[in-house]
Amino acid sequence: MTSPPTDTGGGAVESDADLSFDFGYAAPDAPPAPTDDDDPLLAGLTEPQREAVTHTEGPVIVVAGPGSGKTRVLTRRVAWLVAREGVAPWRILAITFTNKAADEMRERIAALLGDRDPTRGHSAAGVLVATFHSFCARMLRRYGPPERTPEFTIYDADDQKACMKRVIRARQLDPAQWKPRSVLGAISAAKNAMIDPEQFRSEAIGWRDRQIAELYAGYEEALRDYNALDFDDLLLYFVRLLESRPEVLAELRDRFRYVLVDEYQDTNRPQYRIANLLAGENGNLFVVGDPDQSIYRWRGADLRNILEFERDHPAAREIRLERNYRSSQAILRAAQHLIEHNEQRRPKTLHTENPPGEPLRWLRFRTDEEEAEAIAQEIEQRIEAGTRPSEIAVFYRANALSRRFEEALRKRWIRHVVIGSVPFWQRREVKDVLAFLRLLVNPDDTQALRRVFALTEGVGPATVRRLEELAASAGRSLLAVLLDPDAAARLRGRQRRAIAALRELFETLRALPPAPVRPVLETVLERTGYLEQLRGSDDPQEQARADNVAALLDGAAEFDEREPEGGIRGFLDRAALLSGTDEQAGDEEAVRLMTLHAAKGLEFDEVYIVGFDQRLLPLERDETGCDLEEERRLLYVGITRARHRVTLTSSLLRRTWGQERAAQPSRFLRELPDDVLERAGGAHAAVRGRCAPLTASPQEHDRWDGIDEPPEPPAARRRTRPNAGPVPNRARARLQALLAETRARTATAAEPAVGERVRHPVFGDGQVLRLQGSGPGRRAVIEFDRRGTKTLLLQYARLERLGS
DNA sequence: CTAGACTCATTTTTT
DNA sequence: ATGAGTCTAG
Ligand SMILES: Nc1ncnc2c1ncn2[C@@H]1O[C@H](COP(=O)(O)OP(=O)(O)OP(=O)(O)O)[C@@H](O)[C@H]1O
């Protein structure tokens with residue numbers, strides 16, 4: 001940073017720095033130099049930001065903290081290249097982390113270039129903005145991957161799992177010991193490290209690794225048979241394509257003269273290869289990122305990519321952006337203080353001219369239910385006070401935590417959307433219907449065919465086995481056998497009719513043109529009766545499924561309109577590549593709920609980070625430790641999403657996966673500076689108000705000491721808790737009362753008998769149909785008068801007995 | 001072949 | 001709480 005410290009910039013929201021938040025370094029990014037001020041593409045940019053936009057030739061790396069304008073600079077740079085440097089849009093490749101980010105960036109580029117419609121416009125339309133995965137898929141479709149045809153199918157986690165399950169079973173391994181998920185995890189790690197089955201085998205140490213190597217090879221073989229690629233393969237096979245076909249590499253290098261990568265800190269090795277192959281050593285590779293925001297190491301993200309950029313590109317220009325435009329001083333200071341606890345990190349300066357802002361708040365509740373209620377209530381007040389719902393976000397470590405908050409918000413009629421969790425395109429009903437389309441594109445997609453068989457009445461395991469035998473002996477694909485009228489002739493009765501009907505359906509579908517997509521889907525639904533069957537059910541869950549199928553039809557219609565040439569193939573690619581976080585929130589004006597991971601790159605006025613408990617954030621799974629530094633970065637990302645307000649919440653008791661557990665606040669609480677953290681407020685009122693103090697024995701003292709808060713210096717404690725008595729005592733007392741109450745609640749009435757009427761606080765009155773299981777897992781199946789039949793865990797459901 | 005009952009494991013984060 | 005896998009009866 002060479003710019004002199006002068007004034008405080010010109011943004012509307014900015015105010016003079018408050019001296020009480022002196023970070024101890026001098027130079028903020030310089031304000032815009034007056035000279036180029038009239039260029040709208042540079043308007044409002046600081047000097048280093050301008051340099052990042054206009055320094056167009058050669059490798060450039062921007063390393064900068066949150067909210068410093070990295071994404072903004074990248075977007076402007078694309079516009080600059082097109083509008084000022086006269087670069088043809090199709091020579092530019094911009095890589096984002098999610099498809100949603102790609103969509104947004106495309107729109108912003110279009111807006112900067114003055115296009116009306118980003119999909120049709122002139123200049124912006126040619127810029128390729130995509131994630132690595134969609135970019136690779138696209139290129140592989142165009143040039144054809146090694147060992148596959150361009151019609152290959154993209155396998156998602158479900159397909160992978162089903163496939164691996166078969167590989168494991170074929171080898172007659174103990175399914176209890178060989179879990180598809182964990183084997184696939186090992187394989188994925190290998191793929192991210194660019195290790196193929198052979199190498200894996202040769203490097204395997206020990207019996208288990210050798211078995212995994214064997215499964216890896218089997219899995220690869222299966223995918224080859226199915227003409228399928230998994231997510232990791234998209235990257236890998238593209239690398240192989242580039243390495244094995246110099247003419248393709250040359251063509252693409254020539255085409256993509258400018259390669260830009262956002263969120264570079266979370267790229268993995270194959271992605272790194274791709275970027276470097278495309279750009280060449282001194283090519284125009286522009287990467288932006290923040291090592292402190294790297295949160296995907298578990299997925300193969302490799303910090304070396306960003307840390308060693310300059311070694312890889314000796315000619316690289318490094319640009320630092322050190323001014324944060326997003327957050328208040330309090331938020332920024334808390335985040336900085338937190339992240340400085342990471343030992344493996346290079347120090348970075350970051351300051352803001354934004355107002356000091358309110359301190360962060362830590363609230364603590366007795367139960368997770370109260371936590372959710374209180375947050376919902378507060379959100380309601382904030383909205384009434386004028387905050388836009390879409391400017392409020394609730395973040396949690398794991399999707400499982402969203403439920404209580406959803407319920408609490410729904411109860412108050414607060415508009416909200418859950419981002420991620422169960423991606424639309426991965427829902428069973430959606431995948432069922434899409435299986436038919438997959439087969440039309442790729443007849444070798446046997447996994448899809450199995451799905452179709454499973455859906456077909458009259459075709460069970462025996463029939464499938466019979467067809468498989470026929471296929472194997474004739475050396476043909478399963479679908480070929482199905483489509484062969486002679487094959488059906490070998491079956492009898494119901495099976496024969498079912499197979500014949502399926503064959504006719506496929507013949508009809510094949511006669512349809514590949515675009516538009518919607519009519520194809522409609523034919524599938526009509527002929528299989530799938531939608532009707534769902535609609536015909538009185539199970540509300542099935543109705544929801546039916547709605548999803550209907551939404552799929554709408555999605556197809558929309559796709560047809562937007563990409564008339566896309567066809568089934570394009571539609572399926574979208575389905576495979578879009579993730580949960582990509583789904584645009586249907587309700588623009590709604591509170592957003594999402595995981596901390598999904599929050600990356602976003603910004604909100606007010607942020608609630610819930611489930612701020614030890615064991616939850618840092619998430620600790622039994623035995624398997626956690627990557628503490630990465631967990632800390634995750635919290636850092638969460639906090640730095642906020643412009644004005646950050647609230648962290650913990651609960652004394654948390655009910656997760658069927659069991660109640662005492663919880664402690666996150667250890668990270670201690671790492672937030674006291675002068676910008678408010679802990680006294682509502683939390684203690686919430687907890688204290690309802691528990692009578694008890695006295696307890698010294699043994700219990702030891703047991704419960706520390707449950708209140710992680711240890712901290714007494715001085716700090718006194719300051720933040722005005723009327724603190726003997727703390728361990730209070731903590732102990734509180735917990736005693738709570739646990740007693742919980743015990744009482746669960747132990748209350750003896751269990752209801754079959755046929756007895758009961759009342760549930762949420763579902764209302766109902767009748768016990770049957771009881772099953774024993775011990776803590778004992779369940780009752782209850783038919784509720786209004787809410788249908790549900791199975792409830794007795795220890796968990798607060799049932800009131802009403803008698804027979 | 002199907003439907004229903006029952007047991008068991010399962011939950012981190014996602015392109 | 002939910003889903004997948006297994007077993008049994010029809
Ligand atoms: N020079 C500027 N003047 C005014 N606002 C700016 C400036 N630069 C960036 N901003 C604003 O700061 C916010 C953060 O920008 P951006 O999202 O590009 O940052 P980032 O570095 O990519 O953040 P993160 O790493 O946290 O995702 C945006 O609201 C952006 O509009």
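Hydrogens, waters and symmetry mates are skipped; everything else that's a heavy atom, side chains included, is used. Naming convention: chains lettered A, B, ... in sequence-line order (proteins, then strands); numbering from 1 in each chain.
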Next on the checklist: Regarding A:Y296, tell me which of base, sugar-phosphate or nothing describes its non-hydrogen contacts under 4.0 Å with the strands shown.
Outcome noted: sugar-phosphate
[X] has an atom [atom1]; how far is it from atom [atom2] of [N], in whole Å?
X	N	atom1	atom2	value
A:R451	C:dA4	CZ	C1'	13 Å
A:R428	C:dA4	CZ	C1'	11 Å
A:F97	B:dT13	CZ	P	15 Å
A:R427	C:dG3	CZ	P	11 Å
A:I295	B:dT14	CD1	P	9 Å
A:K161	B:dT10	NZ	P	10 Å
A:L628	B:dT12	CG	P	18 Å
A:N399	B:dT14	CG	C1'	10 Å

Checklist entry - Which sits closer to the 5' end of DNA chain B, A:R397 or A:L577, going by the nucleotide each is nearest to? => result A:R397
Item to check | Residue met sooner reading DNA chain B from 5', once A:T456 and A:A398 are mapped to nucleotides | outcome: A:T456
At less than 4.0 Å, is any side-chain N or O atom of [X] found next to OP1 or OP2 of [N]? Yes or no.
X	N	value
A:T463	B:dC1	yes
A:T595	B:dT14	yes
A:K600	B:dT14	no
A:R181	B:dT11	yes

N/O-N/O pairs, protein side and nucleotides 5-7 of chain C side, under 3.5 Å:
{"unit_1": "C:dG5", "atom_1": "OP1", "unit_2": "A:K165", "atom_2": "NZ", "d": "2.2"}

Quick one: side chains of residues 608-616 of chain A, donor-acceptor pairs under 3.5 Å with protein atoms, not counting sequence neighbours, listed by atom name and distance.
{"unit_1": "A:Y608", "atom_1": "OH", "unit_2": "A:E378", "atom_2": "OE2", "d": "2.8"}
{"unit_1": "A:D613", "atom_1": "OD1", "unit_2": "A:S651", "atom_2": "N", "d": "3.4"}
{"unit_1": "A:D613", "atom_1": "OD1", "unit_2": "A:R654", "atom_2": "NH2", "d": "3.3"}
{"unit_1": "A:D613", "atom_1": "OD2", "unit_2": "A:R654", "atom_2": "NE", "d": "2.5"}
{"unit_1": "A:D613", "atom_1": "OD2", "unit_2": "A:R654", "atom_2": "NH2", "d": "3.2"}
{"unit_1": "A:Q614", "atom_1": "OE1", "unit_2": "A:R667", "atom_2": "N", "d": "2.7"}
{"unit_1": "A:Q614", "atom_1": "NE2", "unit_2": "A:E620", "atom_2": "OE2", "d": "3.3"}

Checklist outcome for this item: Per atom distances to the A:R545 side chain, the nearest of B:dT12, C:dG3, B:dT14 is C:dG3
If the condition is ring pair (Phe, Tyr, Trp, His ring centres under 6.0 Å), which residues does [X] pass it with, not counting sequence neighbours?
X	result
A:Y237	none
A:F256	A:F135
A:F559	A:F571

Checklist entry - Using centres under 5.5 Å plus planes under 30 degrees as the test, is A:W298 stacked with B:dT12? => result no
Item to check | Distance-only side-chain donor-acceptor flag, A:Y155 / A:D445, under 3.5 Å | outcome: yes
Item to check | A:F453 six-ring centre to A:R450 NZ/CZ under 6.0 Å and within 45° of normal | outcome: no
Next on the checklist: Test of understanding: with side chain to side chain donor-acceptor pair (under 3.5 Å), list the residues that count as partners of A:K191, not counting sequence neighbours.
Outcome noted: A:E220, A:D230, A:D233
